[in-house]
> 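Sharing a structure, written as structure tokens. Questions coming.
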Amino acid sequence: MPAFELQDELQALIHIETYEIPQDHDFSTEDPEALLEAAVEAVADSSDNIAEPEVFDVYRSLLKHSDLVPGPIMSKLLDSISSGLQAEMEATLRDVDVGDQQTYMSHKQPFEMYAFLLFWFVIAVEKVKVSEEGDGPAAPAPKARKGKGGKAATSKAAGRAGGNKKTDTTWTWREQIPPILQLISKILMRIQTQRIWTTTAERETFVNCITRPAYYVTESEQYMKSEDIKKLAIKVICLAVKHHGQAAGVQTTVMQPLQFYEHLSEPMADFLIILTKEYDYPQLGDEILREIAGKTFGGQEQKGPRTFARFLTKFAEACPRSVMKQLSLLQDQLDSESYPMRQAIVEILGFLIADLSNAGADGQDADAKQTKKQMDKLFELLLERVLDISGYVRAKVFNVLAKILNIKTYKFPEFRLQMTAHAAGALDDKLATVRKAAISLLKELVLTHPYGEKLGGTLKLEVWEKEYKEVVAKLDKFEEAVGNVVKNPDAEMDGDEDEEEEQGEDDDEDGANRRRKKPKKARRSDDESMDVDEDGGGAGGDTEEDEPGKMSVDEDERDDSTPKKSKKASKLKPRKSQLNLEALTQEQAIVAAYDEHEITGMRFMKKYCLDALSFIQGIEAAMDPMCKLLGSTSKPEVLEVMEFFRVAHEYEFESAKDGVKKMLHLIWTKDNSTSTSEDGKELKGVRQRLLECYKSLYFDPVPDPEMDGKAQVSRIAKNFIELTYLATLAELTSLEEMMRIMMEDGQVHPDIIYRLWQIYGSDMNLPKAQRRGAILILGMFALSKKDVLMDKVEVMLKVGLGARGKADLTLARYTCVALQRLNGSAKKVKGSLIDKTQRYQMDHPIFRKLQIAILHPSRTKEWFGMAEQVINTVYALGEHPDHFCNEVIKKLTIRAFTRQKGATADPPAEKDPDAMNEDHPGDTTVGSADMSMHDPTQSTQEESSEKDLGEAFELSQLLFVVGHVAIKQIVYLELVEREWKRQKDERQTAEKQANSNQKSSKDADELEQVAGNAEDEVGERIRAIREDELIDGPESLLAMYAPMIVHICGSPHKFKNKTLRAVATLSFSKFLCVSTRFCEANHRLLFKILETSKDPNIRSNIVIALGDVAVSFSNIIDENSHELYKGLSDKDIVVKKNTLMVLTHLILNGMIKVKGQLGEMAKCLEDPDTRIADLAKLFFDGLSTKENAIYNNLPDVISHLSTGDHAVDEPTFESTLRYIFKYIEKEKQAETIVEKLCQRFRLSEDPRQWRDIAFCLSLLPFKSERSVKKLIEGLQFYRDKLHEPKVFERFTEILAKARANKSKDKPDVELNEFEKILEEHRAQGQEDQALEKRVEGKKAAAKKKAAKATKRSTRAKKVVAPAPTADDDMYSE
């Protein structure tokens, strides 16, 4: 056999198909198992036999034709190679120990052959024919035995047994990898290759060959998931570097795979970490870092930069010191075009800061200063990336900063304010991921704040301001005392601040305990004992009459007094010759009274308080944008905001209360499912998280050993009640839903309900807001379980409708709302005839109390809200509510029209800022009553001179009840109709069952037809009552008041009382909803009042009422919808908002049609008031779901906003149309719009219109060739307008868009030609314009010249005129 050259063989192996084997075997004719058995026996006799040509060629033939060799034979082949290699290694080691060079050098060739075969086996193994159950157990490897002379030999019997195994034995390469890698690592660890391979090239070739299987294994992602295989492969590479000088080769082998195999980023980082830490060889890591630092990554690359980024971050986390040495080179990657690389460097900076902070905590003073400088530099680099162009990098910066804050050894006080400012600024970022990361950072800043030592952890602004004033007062007192003689220390303070700051850092660290719970002291001061609340807890201090010995929910009193600064001593310093020795003696005594350490501590405390105040103000400033983010469409972001507000509320930030209140509206969020975020964390549903937040803040017991169970219940009940204080109607509605869900889920303890009833029914004089809050919360609970109220009806009648209710009409009103819940809250199923409501006979005590309440004399605005709820309660619970209302209306009529003694005139009108902003048909408000109306034209003199027979306020009460009864009677008639239908349905069902055996199927069909007719008859009968009897019937009580209401509304100059006019208008609106006949006859009057009334509250109520009228009689309102649109131009913001809401409801529900007035709605998109702009956006979002609605009305919108008196300025036009055009998504629609807009150029002469049309064209996508073709075809309409610069600029934008959307395989010939034509027509147009100007100039000059010539000739005639007279005289002679 010729000499075996490993390098040549490896080179030849690159092309396996052409690899030549002298004694190649053909397995189509020869048995591979028999050939292998002979070779195995030869190697078993002596491992050196591998050098025999016939043996070596058998192995090579099997490997070359491995695709024809069964798996079990390949398994035996591997066992033979590995056992032979191990035997050769042991023999070599023995010979090396003996020291005979010639003997151990003889092992060189067998070693190389075995290494070559092992390497080839790894390459060929993929071609092995693995049986279908390839994951079964591997065939056992034959055991090796040592023969004489160090030759390994396997027993022949064992060899034969192995050879005779059946071919169906399963075999997997994966299970063979660990032993093979262990064998390789053993060889690299024990064999001194430099003694056998004397030349460097030979040694490197061998080591490279023996380690190559490890590299091949790493290329498989599946193998790298196995921790054992990964560790062994890394060990092989580490040994090759450490003991066999393979650093340069391994560097190449690490760098190249990182560019192609993403899964290798972390394994290769692990390799360098182990090499650095366990093998003490950091040089290779340094070289690889330098090479990566010098690489250039493009912005479009994806796989490579991501892999290198993960590699760097993994390595930097474990070996920050190694990375620190190369940072000056690596930081150049911050300017890389690839954002993953910039992200990696940002994360590396975080690891380095963390490492330095730990080192700084343990280091010496000199080292600490150097470490501080390094940290400052790293922070500067990190904070610069807050402005990175990539949102991913910006988000990574905030995530890294949040991780840094969790370091316990150092609190970074000097950078906290910078972090706060950057995070607050990022809340306006356009990317939700960045905003979420910024919110997370702000939350961590609060949780890890270093201002907890002094004041127990609270971050309440008031507390810190008070503390700051006290410290300043003490310092001022000291400085004033020594100011006349001793130098003022303020001058030195600035110079000492750095030293003080260093001294204070340790104090900061000690005080920076993470406090997730509300500070104990603050908590206990709020929740001492909850029997009653003395200060009303935000209810404005509105309390009932005081009684001695009363108890209170909140008995804590706060001392608002703050130390006053004494007057400062004169700033003029006396000369030394004028020093007062007696004063000096006194001052020295004062100075001696203060310890020097105490003075330094006060100065430090002043700076400490200033830093804390700056931090608190920075967090407070972030609250407002944070509240807006609660409406974000990004679920992770919303959850992060909620968590921030929870934490901020626990630390007593003032603005956090507003955020927690606004969170309440998230209870309506539909998505309540648990999902997974991008980083693999579980995201709870928004509603579920909201309930958890509120429970942790308000409803969970606090871990206070001094509070017993009773105190805990009182505290929770107090929290429930306080949630209703100063709450808006929207907040109460959301709170109601939350209470319903909590009650439904059994999260409210019975003891809390019992405590609430105690508060409501207490005989003590409690704050009004507390008793109101108790019944409000109980009513909310009853929505889910009416049993909460069932046993307490008597209490409600005694308290809410008794003496306390008469004194507090709002309490009576809320009690009525709670009483309505007695009939249950089961929602009516559409089409169902089942009525689950519970009703009471009219002689029940409830109705007697309700009647007393509504008839009790009152002249306050709260009466109207209470009366509304009394009527609602009667109609909700009564069997015959009309009987009750009959009696009430009659009594109110008698009161209103009975002239009272001494009453000759209405009292002077009050200047009441409250305005009527409620009570539209069907409204059951729960918010504060604001029923007092305001008319700016009304004068006191006119009021006093107007003499009425009765009291105007009492007439207002009568009309209010009449109007509300009318609207509730309609609802009641619907219930009657449903009940009649149900009764008929039951009778007919019974008849069917009775007659089912007697009648034929034909008779059954006839019966069903009769039943259908009967149902129609019920509906017709109810409609007849509503149309003919309710308002117009001769026996109808309401009919008597309809003419009166119309007369009062139609005579504003006669009836000037503001309350009367407002109530009459409201009742008139409700009457319009009852009867078609009445509506047709009188609806014009309502529009007239809308047009002429100067009271914005009346106009606002009319707009809402028109929406209700449209629900009943859509045709009447549809015909006059143009009148309704006028409200969008109203000066009052509330009228405008209500008009927009009503129109949105009517249009989106198909009650009125859009007839060209969509332009007015579009104007609202750019309204200065954000609420109106947001409502308009919601409207267009809803309208876009209706097929072609926006497309069909787009031409009218463009015309409305571009021309005429209602046109808007160009910037507003552009921003409005930019928003609307985003809904034009269908290409066919875009094509038609192109054609229509091009034709508009022909009809317009105004350059402003040209610019608007061109802008609209530029908003279209031009995704298809047909759109571009339509544009080119319309050239004749706009070619003479291209000289206008803006018009030409828009067409240039269109061309750029068309080129971007064009197919790459199509030439630009058509577009280039079109561009050339546009340029020509622009040039032509500019020439024509210039010529026109010249012609106009010449015309003007000629006209001027002609005028001058005429002037001269006229003057000449005046001068020459006397001459002919003289001539005439001469001739006459």
Side-chain angles (χ1 to χ4, degrees), residues 431-433 435-436 439 626-646 658-699 723 727-748 780-785 824-832 924 926 1140-1142 1144-1150 1170-1171 1173-1187 1189 1222-1223 1225:
L431 290 179
T433 49
R435 297 194 299 268
K436 175 184 174 291
I439 296 162
M626 205 95 73
C627 287
K628 295 176 184 174
L629 294 179
L630 284 169
S632 169
T633 54
S634 169
K635 180 178 173 181
E637 184 181 10
V638 173
L639 292 173
E640 198 66 50
V641 175
M642 290 165 67
E643 181 62 16
F644 170 82
F645 278 128
R646 186 192 67 77
D658 295 333
V660 171
K661 264 192 174 183
K662 288 181 181 176
M663 277 165 55
L664 195 57
H665 301 310
L666 296 171
I667 196 69
W668 304 103
T669 308
K670 291 179 181 177
D671 173 30
N672 196 37
S673 57
T674 303
S675 55
T676 308
S677 64
E678 292 177 2
D679 51 359
K681 293 181 181 177
E682 185 182 69
L683 294 179
K684 292 184 178 178
V686 172
R687 197 167 65 191
Q688 182 186 353
R689 186 72 192 116
L690 173 67
L691 288 168
E692 288 176 4
C693 284
Y694 261 76
K695 281 180 68 180
S696 104
L697 290 175
Y698 300 116
F699 311 140
L723 289 174
T728 63
L729 177 59
E731 287 165 356
L732 284 173
T733 307
S734 297
L735 181 63
E736 184 177 76
E737 179 67 7
M738 178 182 279
M739 298 297 102
R740 184 191 68 76
I741 292 171
M742 288 179 65
M743 194 69 188
E744 203 170 67
D745 294 345
Q747 297 178 24
V748 181
M780 292 172 184
F781 288 156
L783 274 174
S784 177
K785 294 180 181 177
S825 58
K827 292 184 179 179
K828 178 183 176 299
V829 180
K830 191 173 181 181
S832 172
T924 55
V926 191
L1140 182 57
M1141 290 174 70
V1142 168
T1144 299
H1145 168 65
L1146 296 179
I1147 292 171
L1148 295 184
N1149 289 302
T1170 53
R1171 293 175 301 170
D1174 291 342
L1175 282 170
K1177 287 173 183 173
L1178 280 175
F1179 165 73
F1180 279 99
D1181 282 343
L1183 193 64
S1184 66
T1185 60
K1186 295 185 175 294
E1187 191 175 1
K1222 74 178 186 180
Y1223 297 112
E1225 296 172 341

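Side chains included, hydrogens not; waters and symmetry mates left out as well; all remaining heavy atoms used. The structure displayed is predicted, hence computed values, not measured ones.
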> Counting C-beta onward and ignoring hydrogens, is there a side-chain heavy-atom pair between L723 and E731 closer than 4.5 Å?
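Counting from C-beta outward, L723 and E731 never come under 4.5 Å.
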
> Just to verify, what does K1177 make a salt bridge (charged side-chain N to carboxylate O under 4.0 Å, His left out) with, not counting sequence neighbours?
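With sequence neighbours excluded, K1177 shows a salt bridge (charged side-chain N to carboxylate O under 4.0 Å, His left out) to no residue whatsoever.
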
> Restricting to non-hydrogen atoms, name the atom on F1179 and the atom on L1148 that form the minimum distance, rounded to 0.1 Å.
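Shortest heavy-atom separation between F1179 and L1148 comes out as O-CD2, 4.1 Å.
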
> Taking the side chain as every heavy atom from C-beta outward, state whether W668 and T733 have any atom pair closer than 4.5 Å.
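W668 vs T733: side chains touch.
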
> I'd like to check M780 versus L732 (side-chain heavy atoms, cut-off strictly below 4.5 Å). Are they in contact?
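M780 vs L732: side chains touch.
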
> So with a 6.0 Å cut-off around NZ of K628, is the heavy-atom count from everything else above 12?
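At most 12 heavy atoms, drawn from other residues, nucleotides or ligands, come within 6.0 Å of this atom.
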
> Could you list the residues that satisfy side-chain hydrogen bond (donor to acceptor under 3.5 Å, both in side chains) with D658, not counting sequence neighbours?
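D658 satisfies side-chain hydrogen bond (donor to acceptor under 3.5 Å, both in side chains) with no other residue.
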
> Is L1146 close to V1142 at the side-chain level, that is, under 4.5 Å between some pair of heavy atoms?
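They are in side-chain contact.
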
> Are there more than 12 heavy atoms of other residues, nucleotides or ligands under 6.0 Å from atom CE of M742?
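Atom CE in M742 is packed in, count exceeds 12.
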
> CG/L691 to CD/Q747 distance, rounded to the nearest 0.5 angstrom?
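The CG atom of L691 sits 6.0 Å away from the CD atom of Q747.
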
> For the side-chain contact (heavy atoms from CB on, under 4.5 Å) test, which of V686, V641, L690 pairs with M663?
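The side-chain contact (heavy atoms from CB on, under 4.5 Å) with M663 is passed solely by L690 among V686, V641, L690.
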
> Indicate the atoms forming the closest heavy-atom contact of L629 with V638, along with that distance.
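Minimum heavy-atom separation between L629 and V638: O-CG2, 4.0 Å.
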
> Using the side chain to side chain contact (heavy atoms under 4.5 Å, CB included) criterion, which residues pair with M743? Sequence neighbours excluded.
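Partners of M743 under the side chain to side chain contact (heavy atoms under 4.5 Å, CB included) test: V748, I753, F781, S784, K785, V788.
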
> Show, in sequence, the C-alpha distance, side-chain angles and deciding distance for K684 and E692, and conclude whether the salt bridge (Lys or Arg N to Asp or Glu O under 4.0 Å) test is met.
CA-CA 10 Å; K684 292 184 178 178; E692 288 176 4; 2.9 Å; yes

> Which value, rounded to the nearest 0.5 Å, describes the distance between C693 atom SG and F699 atom CZ?
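Taking SG in C693 and CZ in F699, the distance rounds to 11.5 Å.
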
> Hey, what do you get for CE (M739) to CD1 (I741), rounding to the nearest 0.5 Å?
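So the gap between those two atoms works out to 9.5 Å.
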
> Apply side chain to side chain contact (heavy atoms under 4.5 Å, CB included) to D1181 and list each qualifying residue two or more places apart in sequence or on a separate chain.
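For D1181, the residues satisfying side chain to side chain contact (heavy atoms under 4.5 Å, CB included) (neighbours in sequence not counted) are Y1219, Y1223.
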
> Measuring from atom OG of S734 to atom CD of E736, what distance do you get when rounded to the nearest 0.5 angstrom?
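One finds 9.5 Å between OG of S734 and CD of E736.
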
> Under the rule for salt bridge (charged side-chain N to carboxylate O under 4.0 Å, His left out), what residues qualify as partners of K635, not counting sequence neighbours?
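Only D671 meet the salt bridge (charged side-chain N to carboxylate O under 4.0 Å, His left out) criterion with K635.
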
> Out of I439, L697, V660, which one pairs with F645 under the side-chain contact (heavy atoms from CB on, under 4.5 Å) rule?
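One option only clears the test, and that one is V660.
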
> Rounded to the nearest 0.5 Å, what separation is found between the NZ atom of K436 and the OG atom of S634?
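If we round to the nearest 0.5 Å, K436:NZ and S634:OG are 8.5 Å apart.
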
> Side-chain contact test, heavy atoms from C-beta onward, threshold under 4.5 Å: evaluate it for L1183 versus I1147 and give yes or no.
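Counting from C-beta outward, L1183 and I1147 do come under 4.5 Å.
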
> Can you sort out the partners of R687 under salt bridge (charged side-chain N to carboxylate O under 4.0 Å, His left out), two or more places apart, ordered by chain and number?
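Result, salt bridge (charged side-chain N to carboxylate O under 4.0 Å, His left out) vs R687: none returned.
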
> Would you compute the distance between atom CZ of F644 and atom CG of L630 and round it to the nearest 0.5 angstrom?
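Reported value, rounded in 0.5 Å steps: 11.0 Å.
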
> Which heavy atom in L666 sits nearest to a heavy atom in M642, and how many Å separate them?
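Shortest heavy-atom separation between L666 and M642 comes out as CD1-SD, 3.7 Å.
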
> Checking side chain to side chain contact (heavy atoms under 4.5 Å, CB included) for the pair E1225/S1184: CA distance, chi angles, key distance, verdict?
CA-CA 10 Å; E1225 296 172 341; S1184 66; over 6 Å; no

> May I have the step-by-step check of salt bridge (Lys or Arg N to Asp or Glu O under 4.0 Å) for R740 and E744, ending in yes or no?
CA-CA 6 Å; R740 184 191 68 76; E744 203 170 67; 3.2 Å; yes

> Would a 4.5 Å heavy-atom cut-off, applied to side chains only, mark E643 and R689 as touching?
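Yes. Closest side-chain heavy atoms under 4.5 Å.
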
